[in-house]
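I have placed the structure first, in the form of C-alpha cells, so that the comments after it can refer back to it.
Note on naming: letters A, B, ... go to the chains in the order of the sequence lines (proteins, then strands), and numbering restarts at 1 for each one. Just so it is clear, the model here is predicted, and its values are computed rather than measured. Hydrogens, waters and symmetry mates play no part in the numbers below; they use all other heavy atoms, side chains included.
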2 protein chains.
Amino acid sequence: MGSKDTTTKRADARRSIDAIVQAAAECLGRNPDASLSEIARAAGVGRVTLYAHFSSRAEVVDAAMSRALDRGNEVLDTVDLTGDPRLALHRYIEAGWHLVDGTRALIVAAQRELSPARILELHAGPAARVEALVARGRAEGHFRTDLPISWMVNVLHSVMHSATEEIRAGRLTSDHAAHHISATVLAAFTTPGTPVPEPAP
Amino acid sequence: MGSKDTTTKRADARRSIDAIVQAAAECLGRNPDASLSEIARAAGVGRVTLYAHFSSRAEVVDAAMSRALDRGNEVLDTVDLTGDPRLALHRYIEAGWHLVDGTRALIVAAQRELSPARILELHAGPAARVEALVARGRAEGHFRTDLPISWMVNVLHSVMHSATEEIRAGRLTSDHAAHHISATVLAAFTTPGTPVPEPAP
DNA sequence: TATAACCTGAACAAGACTGTACGACTTAGC
DNA sequence: GCTAAGTCGTACAGTCTTGTTCAGGTTATA
C-alpha cells in the first residue's frame, strides 16, 4: 500500500516513478518547500514526466510519506522489542533515531498538503509500536505511570529529533547520539523515588 | 537594541512600526512562510506602509525576532533562578514553557532569512541563562554530569516544545503542561544510580 | 494653520511555482 | 521490427510574492 501501480505500467515507467518518490522523500525531508522541479531534477527525470505519473503536488507528498514510513517500518521490524523494556527501548533507539530526522521535515510538508485524516492514517502504524513498548514497560513496573503514555511517546520522539539538531549544529557526533538519547529517555521514564538505571556503555 | 528609531520618527509612524513588528511576530510565529501582505493586513496598515519602514523581508523578520526575544527576556527576568536548582528549573519552566511555542516557528523563518552570525547573536542571551542554571545544578551535585550541558539545554527546550505539540493535538491541557515538563526534565537530569526526585504537585 | 511627514490604494516589473499542451524522440515488450 | 507507452524540452497560462513608483489624501506637530 502507498506505492503506485506495479503491474499495469511499463518497466521504465516504474523505474521513473520509483526515482521520483525516492527523490521526493529526500528533497522534502531536507526542505518541506522543495519544488516539483527540484524533485524531478533530483530524480533525473523531466518535470513533465513527473506530471505524467502524479496529477498534483499532494500526490507526490503522499507517495513520499508512504515510502518513508514503509522504509521505517521495514527497519523497525528487524528490532527485537521483547525482553526487558529498558533494553528494548535502547535497541529501538539505536535502530531508529536517525529515521526521525528525515521524516520530521516530511511531516511538515504532509501537514500542509494532505488531509488530517490521511495524516492520522499514515501515522497509526509506527505510533502503535512504541506505545505498546511503553505500555509494557509500565505494566512490568520499569517505567513511570504518573505521566500519560502519549506524552512519553512524544518525549521519546522529541529527544530523538533534538539529537539530529545537535548534530547539525556540530555539538554532537552521530556515534554518541544513540547513547545520549537512551541515557536521557531512560532517566525521563524512571518512576520518581526509584534510582535511574546506569545507561549502557 | 532591536527596535527602530524612536526619536526621529513621528508618533503615528512609530505606532505603525510597532503594529507591524507585533503582527509579524504573531504571523511568523504561526507560519514562517507568512507573506508581507499578510503581515501588513494583520497590522492594519497598507503593504506600502510596511515597505516605507522596512526595506526588505529580512529586516521585518529580524525585528520580529528581536521583539520576541525581548519579551521573553522580560518575562524570564522576573523569575528567581537562585536556590535549589531543581526548584529553580521548575520555576523557569512554569514561567517560560509557552514562550518556546511562539518563538520556535519564528526561528525557522529567521534561519531562512537571517545570517547565521545574526542568529547566534540573537540567541546568545537567552541560552546563557539556562546554561548557567544547568551548570550550577551540576556543580552542586543535583544534575547529572555524564552528558554535555548543551545537550541538556537542548533536551529542556525540546520537551517544552513537545508540550505545545501535545496541546495542539488535544492530548494535553495547558494547565498540566508545566507539571509534565518539570516531571520529565527533572528525571532526565537525574544522575544515574540516584533516585528521581518526586515532582512538585 | 501651514507644512512636512505619513498613509493609502492602484498599478507595475520581475521572479518562482503549478499545472497543461504540444511535437518529436526513445525504448520496452510482444 | 513494429507499436504503443514512455520520455523529453520548450512553451504557455495562471497565480503568488517581493519590491518599487506614483498621485492623492490624512494627520501630527511647530
Side-chain angles (χ1 to χ4, degrees), chain A residues 3-24 26-28 30-64 105-106 108-115, chain B residues 3-24 26-28 30-65 105 108-115:
Chain A
S3 299
K4 296 291 265 192
D5 259 325
T6 175
T7 56
T8 62
K9 306 250 177 179
R10 230 172 62 177
D12 56 347
R14 268 176 284 149
R15 217 181 313 137
S16 284
I17 291 173
D18 216 58
I20 291 168
V21 176
Q22 179 172 347
E26 277 171 27
C27 292
L28 294 173
R30 252 183 285 115
N31 167 24
D33 295 322
S35 71
L36 295 188
S37 315
E38 201 176 328
I39 292 171
R41 205 181 327 120
V45 303
R47 199 170 65 93
V48 186
T49 303
L50 190 152
Y51 275 104
H53 298 298
F54 301 89
S55 63
S56 83
R57 174 173 235 275
E59 256 185 45
V60 179
V61 174
D62 193 306
L106 236 174
V108 175
Q111 278 172 340
R112 275 189 259 183
E113 238 86 33
L114 271 41
S115 77
Chain B
S3 299
K4 293 290 256 191
D5 259 323
T6 175
T7 54
T8 63
K9 306 251 177 180
R10 230 172 59 178
D12 53 350
R14 270 177 283 150
R15 218 180 312 136
S16 285
I17 291 173
D18 215 60
I20 291 169
V21 176
Q22 177 171 348
E26 277 171 26
C27 291
L28 294 172
R30 255 185 279 115
N31 167 25
D33 296 322
S35 71
L36 294 187
S37 314
E38 201 176 327
I39 293 171
R41 207 181 326 122
V45 303
R47 200 171 65 90
V48 186
T49 303
L50 189 153
Y51 276 104
H53 297 297
F54 301 90
S55 62
S56 80
R57 175 174 236 274
E59 254 185 47
V60 179
V61 174
D62 193 307
M65 188 76 182
V108 174
Q111 278 171 339
R112 276 190 255 182
E113 238 88 32
L114 271 41
S115 77

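Taking B:Arg47 as the reference, nothing meets the salt bridge (Lys or Arg N to Asp or Glu O under 4.0 Å) condition, with sequence neighbours excluded. Every residue two or more places apart in sequence or in another chain that forms a side-chain contact (heavy atoms from CB on, under 4.5 Å) with A:Ala58 is listed here: A:Ser56, A:Glu113, A:Leu114. Residues satisfying the side chain to side chain donor-acceptor pair (under 3.5 Å) test with A:Gln22, not counting sequence neighbours, are none. When the side chain to side chain donor-acceptor pair (under 3.5 Å) test is applied to B:Asp18, no partner is found at least two apart in sequence or on another chain.
Nearest heavy atom pair, residue A:Ala64 against residue A:Leu28, reads CB-CD1, 4.4 Å.
The salt bridge (charged side-chain N to carboxylate O under 4.0 Å, His left out) test with A:Asp12 singles out one residue from A:Arg15, A:Arg14, A:Arg10, and that residue is A:Arg10.
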Let me have a per-nucleotide readout for nucleotides 6-12 of chain D, 5' to 3', with B, S or -, counting only protein heavy atoms under 4.0 Å. SSBBBB-
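Atom CD of B:Glu59 is separated from atom P of D:dT20 by 11 Å (rounded to the nearest Å). The separation between B:Leu50 atom CG and D:dG19 atom C1' is 11 Å, rounded to whole Å.
Distance check, rounded to the nearest 0.5 Å: OG of B:Ser115 to CG of B:Asp62 gives 8.5 Å. In this structure, A:Glu59 CD and A:Tyr51 OH are separated by 11.5 Å, a value rounded to the nearest 0.5 Å.
Taking 4.5 Å as the limit, some side-chain heavy atom of A:Phe54 sits within range of a side-chain heavy atom of A:Val21.
Map B:Ala11 and B:Ser37 each onto its nearest nucleotide of DNA chain D; the residue landing nearer the 5' end is B:Ser37.
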Determine all donor-acceptor pairs shorter than 3.5 Å in which one atom belongs to a side chain in residues 32-45 of chain B; sequence neighbours excluded.
residue, atom, partner, partner atom, Å
B:Asp33, OD1, B:Arg112, NH1, 3.0
B:Asp33, OD1, B:Arg112, NH2, 3.4
B:Asp33, OD2, A:Arg112, NH1, 2.5
B:Ser35, OG, B:Glu38, N, 3.2

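Taking five base pairs at each end of the helix from C:dG19-D:dC12 to C:dC30-D:dG1 and finding the rotation axis that steps the C1' atoms of four pairs onto the next four gives two axes whose angle is 30°, to the nearest 10°.
Put simply, chain B comes within 4.0 Å of DNA chain C, heavy atom to any atom, from C:dA4 to C:dA11, going 5' to 3'.
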